[in-house]
Number of protein chains: 2
Amino acid sequence: MQSNFTDKQIQILEVAETLFAEKGFDGTSVRVIAKMAKINIAMVSYYFGSKERLLESLIIYRTSDLKYQLDTLLQEELEPIDKINKLIELYINRINSNRGIYRILHFEFTSKKREQNLLAFSELKKGNLKSLESIIEEGQRKGIFRKDVIIPLITPTILGTFFHFHMNKTFFENLLNLKTEELYNNYIKTNLTKHIQQTIKALLIYES
Amino acid sequence: MQSNFTDKQIQILEVAETLFAEKGFDGTSVRVIAKMAKINIAMVSYYFGSKERLLESLIIYRTSDLKYQLDTLLQEELEPIDKINKLIELYINRINSNRGIYRILHFEFTSKKREQNLLAFSELKKGNLKSLESIIEEGQRKGIFRKDVIIPLITPTILGTFFHFHMNKTFFENLLNLKTEELYNNYIKTNLTKHIQQTIKALLIYES
DNA sequence: ACCAAAACTAAACAACTGTTTAATTCAAAC
DNA sequence: GTTTGAATTAAACAGTTGTTTAGTTTTGGT
């Protein structure tokens, strides 16, 4: 995965990612970014033009290869329900190991301030939905999945469950006794992922 | 529902709610709050002490009666699955008509900056979980609900689905052709709520 | 060795931040 | 009508914000 950014730019982007994720875009000053990245303040404007465009660059830098991963999954020879399970695993794994940027996306592009920005993000979402649609429709044709589910609402259930869990990290760390970062990550990879898979499977198959 | 705030304070709180929800806490200046609330800048410090404590007051002002609503639901004579459905409806309705504050809670109290603040919020979540637990355990005793669900992960599925939908409002407005605010709200009250109820019901009842 | 472009720096810029001050207006109590 | 405390004000405070400037250093090609 090549990118159009230089090493120095990437260094800045990754520091910005950490800080934006922790303190939010407005809560992070370019001076702090510069200090942490050990560069001069002026370099942010020099390389990216502005703080706002630094954020845009960051999003492009981080989301550019998800589409590819999804496409290869679609090509695999698997039963629809297994594809769904793999898709959920892919989503959770990916978001969980790129928490920073997804937190930022979640935060910054839902507040009205920056809503119109970044058509690319909206296109990404549309593409993801198309992939999910094609899997579910395949399952419906095969008579495995029920036909009265609202497909566009499945993504909110998958991602929303994860996000809501992660957004309340401290709360669940206490509740579930996940004392170390490793335990927390492990819980996501096993229990939370399984819960989501179980939920979606039940939703797609169960007839009342 | 009486509150400990004067009319003037409430006036400021409600303006702050709108602005914090739109632009975030850091993205909103006390000057803008003051201008919109048609008061002098100094009044914010005068009434609340600081901007940070204005936020705390806002949260107390908005979340203080949820616990009561949940408790009365628990007392009702209903089948467990109907209680669950009612609980989901209550949650969605409540959050949807108090979008501002829940958006703020969602945003501000997940970034590390203000994490330790507001024990009250954490207590609220614990109480909510207890209510849900008691309903599900009743259903399990009656043999209606399966026993291998992870109860604390159900709230993330319910609330997460709603939040993720709402956080991507613009996206779904375009996708589902919800041109007016009324159509959007209606979609939440009917389709989205039904989707969540259907999902949780399937999860609780379906055996693979 | 020379040159031009790129990389980098410290300093200054004007605008904005949350909070405090000191003075003034207002309202009810006596 | 005077007093007293609360409500309100404009102005000032000291600090931070993102960006730009005007230099300096570094780099790589000739």
Side-chain angles (χ1 to χ4, degrees), chain A residues 3-61 104 107-109 111-114 116-118, chain B residues 3-61 104 107-109 111-114 116-118:
Chain A
S3 89
N4 308 313
F5 299 106
T6 66
D7 288 357
K8 208 98 213 178
Q9 281 177 305
I10 290 175
Q11 175 196 349
I12 301 173
L13 286 173
E14 291 184 347
V15 167
E17 180 179 32
T18 314
L19 289 168
F20 288 164
E22 267 181 26
K23 318 264 187 183
F25 181 79
D26 290 317
T28 307
S29 73
V30 291
R31 274 172 184 75
V32 176
I33 298 173
K35 189 177 273 178
M36 275 200 74
K38 286 168 187 163
I39 50 145
N40 188 277
I41 326 156
M43 298 311 289
V44 171
S45 292
Y46 179 73
Y47 275 127
F48 301 99
S50 70
K51 188 191 176 189
E52 193 98 16
R53 290 189 43 212
L54 164 67
L55 175 60
E56 288 183 37
S57 298
L58 175 57
I59 287 156
I60 290 163
Y61 172 61
I104 296 164
F107 275 56
E108 304 304 338
F109 286 90
S111 59
K112 281 192 181 151
K113 242 179 162 181
R114 271 173 281 279
Q116 78 293 1
N117 281 7
L118 219 73
Chain B
S3 86
N4 308 313
F5 298 106
T6 66
D7 288 357
K8 207 99 216 178
Q9 282 177 303
I10 291 175
Q11 175 195 349
I12 300 173
L13 285 173
E14 291 184 347
V15 166
E17 181 179 30
T18 314
L19 289 169
F20 288 164
E22 266 180 28
K23 318 264 187 183
F25 181 78
D26 289 317
T28 307
S29 74
V30 291
R31 274 171 183 78
V32 177
I33 297 173
K35 189 176 275 178
M36 274 201 75
K38 284 167 188 167
I39 51 144
N40 188 276
I41 327 158
M43 299 309 289
V44 171
S45 292
Y46 179 74
Y47 275 128
F48 300 99
S50 68
K51 187 190 174 188
E52 194 96 16
R53 290 188 44 212
L54 164 66
L55 176 60
E56 288 183 38
S57 298
L58 175 57
I59 287 156
I60 290 163
Y61 172 61
I104 294 163
F107 275 56
E108 303 303 337
F109 286 90
S111 60
K112 283 191 179 151
K113 243 179 161 182
R114 272 173 280 278
Q116 78 294 359
N117 281 7
L118 219 72

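This is a predicted model, so every value here is computed, not measured. Letters A, B, ... mirror the listed sequences (proteins, then strands); counts begin at 1.
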Kindly point out which of C/dT21, C/dT19, D/dT19 is positioned nearest to the side chain of B/V30? C/dT19
Could you point out which residue of B/Q9, B/E14, B/E56 forms a side-chain hydrogen bond (donor to acceptor under 3.5 Å, both in side chains) with B/Y61? B/E14
Donor-acceptor pair under 3.5 Å, A/N40 side chain vs C/dA7 base: no
Name the residue closer to the 5' end of DNA chain D, choosing between A/Y46 and A/V32 according to the nucleotide with the nearest heavy atom. A/V32
A/A42 side chain: which of D/dA6, C/dT19, C/dT9 is closest? C/dT9
Closest to the side chain of B/I41, out of C/dT20, D/dT21, C/dT19, is C/dT19
Winner on side-chain proximity to B/S45, out of C/dT20, C/dA10, C/dA7, is C/dT20
Could you say whether A/Y47 or A/R31 is positioned toward the 5' end of DNA chain C, judged by the nucleotide with the nearest heavy atom to each? A/Y47
Between C/dT9, D/dT17, D/dT8, which one does the side chain of A/S29 approach most closely? D/dT17
Nearest to the side chain of A/M43, heavy atoms from C-beta on, is which of C/dG18, D/dA7, C/dT9? C/dT9
Using the ring of each side chain (for Trp, its six-membered ring), is A/F25 parallel, tilted or perpendicular to A/F20, with breaks at 30° and 60°? tilted
With the side chain counted from C-beta on, respond yes when B/I39 and B/K8 share a heavy-atom pair under 4.5 Å apart, and no when they do not. yes
